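Bear in mind that the values here come from a model prediction, so they are computed numbers and not experimental data.
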Amino acid sequence: MRRIHLERELHFREAVERDVDRIVEMLADDVLGSIRERYEHPLPESYIQAFKAIDSDPNNELVVACDGEKVVGVQQITFTPYLTHQGGWRATIEGVRTSASVRGEGVGTKLIQWAIARAEERGCHLIQLTTDKQRPDALRFYERLGFNATHEGLKLKL
């Protein structure tokens with residue numbers, strides 16, 4: 001079934017602790033997330049501790065997209081100063097998810113557009129993100145929004 005793109009009136013705000021349950025639910029609601037997340041009640045305390053660390057850091061923003069009062073999307077933006085690029089700042093977008101009920105309706109696009117505007121407000125010269133190679137649709141999505149796969153990313157699990 002093909003979804004029809006609906007124009008939604010979304011508003012964006014910083015997440016609050018009561019949003020953590022809904023955020024973890026969205027993070028766990030895909031093939032990869034269902035393996036690495038633990039969406040259970042009560043939530044593991046590690047999620048609450050991570051939220052508190054993010055919330056207390058002025059260079060981290062956990063942002064939710066809301067349709068009315070319902071949280072339908074999330075992303076984390078981290079702002080980092082670098083000595084490279086003449087001491088410029090960059091933004092890193094992570095943990096982008098939309099609710100299964102609104103996928104294909106433009107919520108993800110609006111999240112990323114919001115993040116780009118926020119990075120510009122913060123004086124960043126670059127936005128970066130990673131997506132798992134097992135998510136080719138996500139790669140195409142980011143490329144449609146102007147991102148280019150200019151680097152090869154590496155990770156080491158600890």
Side-chain angles (χ1 to χ4, degrees), residues 1-40 43 46-48 50-51 53-55 57-80 89-155:
M1 181 168 104
R2 187 164 190 256
R3 291 196 178 187
I4 298 170
H5 176 79
L6 301 175
E7 194 60 39
R8 293 187 171 274
E9 284 296 322
L10 298 176
H11 68 277
F12 300 88
R13 63 172 171 79
E14 287 197 48
V16 294
E17 190 171 332
R18 72 177 177 275
D19 296 321
V20 174
D21 184 83
R22 178 72 178 122
I23 291 167
V24 174
E25 180 182 19
M26 287 186 294
L27 292 173
D29 186 26
D30 72 10
V31 174
L32 296 177
S34 66
I35 295 167
R36 58 184 178 211
E37 304 303 338
R38 285 181 50 205
Y39 182 60
E40 56 194 48
L43 280 178
S46 58
Y47 288 111
I48 302 304
F51 170 79
I54 293 164
D55 192 48
D57 183 343
N59 288 317
N60 267 290
E61 296 180 3
L62 187 61
V63 177
V64 291
C66 299
D67 184 6
E69 293 301 311
K70 185 177 180 182
V71 173
V72 295
V74 65
Q75 66 188 345
Q76 181 175 341
I77 310 168
T78 303
F79 302 97
T80 310
W89 283 71
R90 64 182 72 178
T92 303
I93 302 171
E94 289 287 337
V96 179
R97 294 291 189 288
T98 59
S99 173
S101 65
V102 299
R103 285 194 193 127
E105 296 181 17
V107 174
T109 297
K110 289 181 179 182
L111 271 167
I112 298 301
Q113 289 170 338
W114 189 94
I116 292 168
R118 182 69 180 121
E120 289 173 338
E121 286 175 15
R122 290 280 305 248
C124 295
H125 70 91
L126 180 113
I127 293 184
Q128 59 192 20
L129 56 80
T130 61
T131 189
D132 195 291
K133 289 183 178 186
Q134 296 177 66
R135 290 187 165 122
D137 291 341
L139 179 60
R140 284 189 293 276
F141 167 74
Y142 293 122
E143 287 174 336
R144 276 195 311 270
L145 293 173
F147 288 84
N148 297 304
T150 60
H151 291 66
E152 185 72 25
L154 305 170
K155 294 187 178 188

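- Remark: Arg135 CZ to Arg140 CZ distance equals 13.5 Å, nearest 0.5 Å.
- The CD1 atom of Ile127 lies 11.5 Å from the OH atom of Tyr142; values are rounded to the nearest 0.5 Å.
- When each of Leu62, Val96, Val63 is paired with Val74, the side chain to side chain contact (heavy atoms under 4.5 Å, CB included) condition holds for Leu62 and for no other.
- With rounding to the nearest 0.5 angstrom, the CG atom of Leu32 is 10.5 Å from the CD atom of Glu37.
- Put simply, the side chain of Asp21 reaches to within 4.5 Å of the side chain of Tyr39, judged on heavy atoms.
- Residues Cys124 and Phe79 approach most closely at SG-CD2, 3.6 Å, considering heavy atoms.
- Taking all atoms of both residues into account, the shortest heavy-atom contact from Leu27 to Asp30 is O-OD1, 4.2 Å.
- Side-chain atoms of Asp57 do not come within 3.5 Å of backbone N or O of Ile54 as any donor-acceptor pair.
- With hydrogens and angles disregarded, no donor-acceptor distance shorter than 3.5 Å links the side chain of Tyr47 to the backbone of Ile23.
- Here the options are Glu25, Lys70, Glu105, Arg22, the test is side chain to side chain donor-acceptor pair (under 3.5 Å), and the partner is Ser99; only Arg22 passes.
- Minimum interatomic distance between His11 and Gly68 (heavy atoms only, all atoms of both residues): CE1-O, 2.8 Å.
- In this structure, Thr98 and Met26 approach most closely via the heavy-atom pair C-SD, 4.1 Å.
- One N or O on the side chain of Gln75 and one on the backbone of Leu111 form a donor-acceptor pair closer than 3.5 Å.
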Hey, mind stepping through Thr80 and Asn59 against side chain to side chain contact (heavy atoms under 4.5 Å, CB included) and telling me if it holds?
-> CA-CA 7 Å; Thr80 310; Asn59 288 317; over 6 Å; no
Salt bridge (Lys or Arg N to Asp or Glu O under 4.0 Å) assessment of Glu152 paired with Lys133 | CA-CA 11 Å; Glu152 185 72 25; Lys133 289 183 178 186; 2.8 Å; yes
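- With rounding to the nearest 0.5 Å, the separation of CG in Leu126 from OG1 in Thr92 is 8.0 Å.
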Glu121 and Arg118: salt bridge (Lys or Arg N to Asp or Glu O under 4.0 Å), yes or no, with the steps?
-> CA-CA 5 Å; Glu121 286 175 15; Arg118 182 69 180 121; 2.9 Å; yes
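- No side-chain heavy atom of Thr131 sits under 4.5 Å from any side-chain heavy atom of Phe141.
- In this structure, the separation between CD on Glu94 and OG1 on Thr78 is 7.0 Å, given to the nearest 0.5 Å.
- Contact between Val107 and Ala65 at its shortest, heavy atoms only, is CG1-CB, 4.4 Å.
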Audit row: Arg122, Glu61, salt bridge (Lys or Arg N to Asp or Glu O under 4.0 Å) steps and yes/no = CA-CA 12 Å; Arg122 290 280 305 248; Glu61 296 180 3; 3.7 Å; yes
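- Considering every non-hydrogen atom in both Val71 and Cys66, the closest pair reads CG2-SG, 4.0 Å.
- Note that CD of Glu14 and CG of Asp19 are 11.0 Å apart. Values are rounded to the nearest 0.5 Å.
- Asp132 contributes a side-chain N or O that, together with a main-chain N or O of Gln134, makes up a donor-acceptor pair within less than 3.5 Å.
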